[in-house]
Structure formats: structure tokens, C-alpha cells
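Single-structure report; data block below.
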Amino acid sequence: MRSALEHISSIELIQLTYCENCMRSAPDLLLGLPISMPLVLDMDGTLIAGDMLFKSFIANIRRNPLIAISCAGWLIRGRAFLKSQLAARYHVEWASVQFHKEVVDLAIREKNAGRTVVIATAADVAIATTVASKLGFIDRVFASDGERNYKGAAKAQVLEEAFPGGFIYAGDSAADLAIWKQASGIVLVNVRESVAEAARKLERPVLELSAHTKVGAVL
């Protein structure tokens with residue numbers, strides 16, 4: 001039988017845990033890096049399980065199967081445009097969104113210590129800001145905007161420009177290697193061993209998370 005705590009939604013859990021006025025000293029700095037360096041979280045596969053582009057596509061198809069025809073035309077104009085069009089027609093279905101508890105716990109700990117916590121995602125900005133608005137610890141969002149698809153090298157460039165003093169980046173896939181090359185610290189979340197090995201060779205401090213505990217976001 002599941003405990004009462006397991007039935008609490010992740011959003012409720014975050015609200016219970018995050019205390020805006022309980023800043024703590026952090027003798028155990030994350031990866032030994034200063035609090036001035038933000039913790040940047042990828043969203044799909046890192047902060048949450050799954051892919052919001054896929055979720056938005058499926059939700060739109062279920063509502064209107066003919067939208068698949070429009071998707072082909074939107075994709076011709078680029079992945080960022082496709083994402084923006086699907087997002088504009090999508091209401092986040094919180095019953096299908098699950099957060100990785102280990103990543104949430106890390107973000108809350110660092111926020112309470114005084115570190116800025118950021119989402120940087122290739123998902124559309126409308127979806128990313130909706131997710132961020134439900135969480136009590138996100139300070140800033142970088143996301144695809146209909147013209148620019150913030151993935152891989154494009155994401156690395158915008159983060160390097162935004163945080164010239166360095167940043168810690170949490171990601172889950174080979175596409176994140178381009179960002180880890182520019183980051184001061186690396187957080188690996190459920191990555192394949194080949195990706196983990198490539199990340200370790202970058203000679204940055206590394207934290208590896210096996211984020212298998214998921215908490216739902218049913219509101």
C-alpha cells in the first residue's frame with residue numbers, strides 16, 4: 001500500500017519543501033563550485049520524465065487527427081516553429097507529467113543555499129514557462145521560441161553568453177555534451193554509459209544521479 005506522502009503531488013511536495021526565507025550556509029558546495037554559479041536544468045528527460053514535444057503532439061492528435069497534415073508544413077519551417085504551433089494548441093496535462101525526485105531535491109537544496117536555478121530546454125517557451133511557474137524554485141527560463149531551437153550547440157552558446165562566470169548544467173543525453181563542454185560543472189541524469197564516459201573526459205567536476213524515483217504532478 002502506498003503511503004500518504006506518495007500520494008502528494010510533486011508540486012505540493014515542492015511547496016512544502018522549498019522555504020524562501022531559510023537560506024543555509026553550504027559548506028558542501030555542489031561540485032565544490034561557488035554559489036554564484038547557477039544550476040541549469042535541462043527539462044525533458046532531466047527535470048521531467050519524457051518529452052514535452054511528444055506529449056503535445058499526442059494530445060493534439062487525439063483532439064484533431066488532421067493536425068498531422070499541418071505538422072508536416074510546420075516542420076518545413078523548422079523544429080522550433082513546429083514546437084511553437086503545437087504548444088499554442090496544448091494545455092499541459094499534469095496527469096501525464098512526472099518529475100524526477102532526485103533532480104527536484106537537488107534543485108531545492110541549491111535554491112535554499114542561495115544558488116540561482118534555471119531551466120534551459122529545447123522545449124517551446126510556452127510549455128517551459130508553464131512548468132516553471134508551477135515550481136517554487138525556478139529563477140529563469142531559456143527555451144525554444146518559434147525561431148530558435150535551443151538544443152545542443154545553440155543552447156551552449158546562449159548559456160555561455162548569459163553566464164560568463166560559469167554554470168553547472170544537468171542533462172541526460174548526448175546532445176548535452178555540447179553544453180557540458182562549456183559548463184564549469186556537470187550533473188549527469190540517467191545517462192547512457194557511453195555519454196557518461198564522454199562527459200567524464202571533459203575533466204570537469206561531475207555528479208551522477210540515477211533519477212529513477214518519479215513524483216506525479218496531478219493538480
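The heavy-atom pair separating Asp172 from Asp44 by the smallest distance is OD1-O, 3.1 Å. The two atoms that bring Leu202 and Leu177 nearest to each other are CD1-O, 4.4 Å, heavy atoms only. The minimum heavy-atom distance linking Ile186 with Ala199 is given by the pair CD1-O, 3.7 Å. Pairing each heavy atom of Gly166 with each of Pro38, the nearest pair is O-CD, 3.4 Å. Closest approach of Ala178 and Ala153 over heavy atoms only: CB-N, 3.8 Å. Closest heavy-atom contact between Leu39 and Ala107: CD2-CA, 4.0 Å.
In this structure, the side chains of Leu47 and Val103 come closer than 4.5 Å at one or more pairs of heavy atoms. With contacts defined as side-chain heavy-atom distances shorter than 4.5 Å, the pair Val195/Leu188 does not qualify. Counting heavy atoms from C-beta outward, Met37 and Leu30 have side chains that stay 4.5 Å or more apart. Looking at Phe137 and Asn112, their side chains never come closer than 4.5 Å, going by heavy atoms from C-beta outward. In this structure the side chain of Ile168 never reaches within 4.5 angstrom of the side chain of Glu110, judged on heavy atoms. Contact of the Trp74 side chain with the Ile67 side chain is registered, since non-hydrogen atoms from C-beta on lie closer than 4.5 Å. Between Trp180 and Val206 the shortest side-chain heavy-atom distance does not fall below 4.5 Å.
At least one donor-acceptor pair under 3.5 Å links the side chain of Arg63 to the backbone N or O of Arg89. The backbone N or O of Met43 lies less than 3.5 Å from no partner atom in the side chain of Thr46, so there is not a single donor-acceptor pair. Between the Asp176 side chain and the Ile179 main chain, no donor and acceptor come within less than 3.5 Å of each other. Judged by distance alone, the side chain of Arg115 and the main-chain N or O of Pro34 form a donor-acceptor pair under 3.5 Å. Not a single donor-acceptor pair under 3.5 Å links the side chain of Lys151 to the backbone N or O of Ala175.
Residues Asn149 and Ser144 have side chains that bring a donor and an acceptor to within less than 3.5 angstrom of each other.
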Begin with the C-alpha distance, continue with both residues' side-chain angles, and end with the deciding distance and a verdict on side chain to side chain contact (heavy atoms under 4.5 Å, CB included) for Phe99 and Lys134.
-> CA-CA 12 Å; Phe99 291 84; Lys134 296 294 184 181; 5.9 Å; no

Decide yes or no on side chain to side chain contact (heavy atoms under 4.5 Å, CB included) for Leu31 and Arg204, but give the supporting numbers first.
-> CA-CA 9 Å; Leu31 299 173; Arg204 309 281 197 279; over 6 Å; no

Stepwise side chain to side chain contact (heavy atoms under 4.5 Å, CB included) check, Leu207 with Leu106 = CA-CA 11 Å; Leu207 171 65; Leu106 175 65; 4.2 Å; yes

Please walk me through it: do Arg148 and Val158 pass side chain to side chain contact (heavy atoms under 4.5 Å, CB included)?
-> CA-CA 11 Å; Arg148 295 164 293 184; Val158 75; over 6 Å; no

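Going from atom OG1 of Thr121 over to atom CD1 of Ile48 covers 7.5 Å, rounded to the nearest 0.5 Å. Once rounded to the nearest 0.5 Å, the distance linking OG1 of Thr130 with CG of Asp124 reads 9.5 Å. Distance check, rounded to the nearest 0.5 Å: OH of Tyr169 to CG of Leu41 gives 9.0 Å. Here NZ of Lys111 is found 3.0 Å from CG of Asp139. Values are rounded to the nearest 0.5 Å.
No more than 12 heavy atoms of other residues, nucleotides or ligands shown are found within 6.0 angstrom of CD on Glu203. Within a 6.0 Å radius of CZ in Arg62, no more than 12 heavy atoms belonging to other residues, nucleotides or ligands are found. Remark: Arg200 CZ is packed, more than 12 non-hydrogen atoms of other residues, nucleotides or ligands lying under 6.0 Å away.
Both Ile138 and Val97 belong to a common hydrophobic cluster when Ile, Leu, Val, Met, Phe, Trp and Tyr are linked at side-chain heavy-atom distances under 4.5 angstrom. Following chains of ILVMFWY side-chain contacts shorter than 4.5 Å, one cannot reach Leu33 starting from Val118, and the two form parts of different hydrophobic clusters. Two different hydrophobic clusters hold Tyr150 and Val125 under the rule that ILVMFWY side chains link at heavy-atom gaps under 4.5 Å. Two different hydrophobic clusters hold Val104 and Val40 under the rule that ILVMFWY side chains link at heavy-atom gaps under 4.5 Å. Transitive grouping of hydrophobic side chains (ILVMFWY, heavy atoms separated by less than 4.5 Å) brings Val117 and Ile108 into a common cluster.
Using the six-membered ring where Trp is involved, Phe163 and Phe167 have ring planes that are tilted, between 30° and 60° apart.
Between Glu160 and Lys181 no salt bridge is recorded (no basic side-chain N to carboxylate O distance below 4.0 Å).
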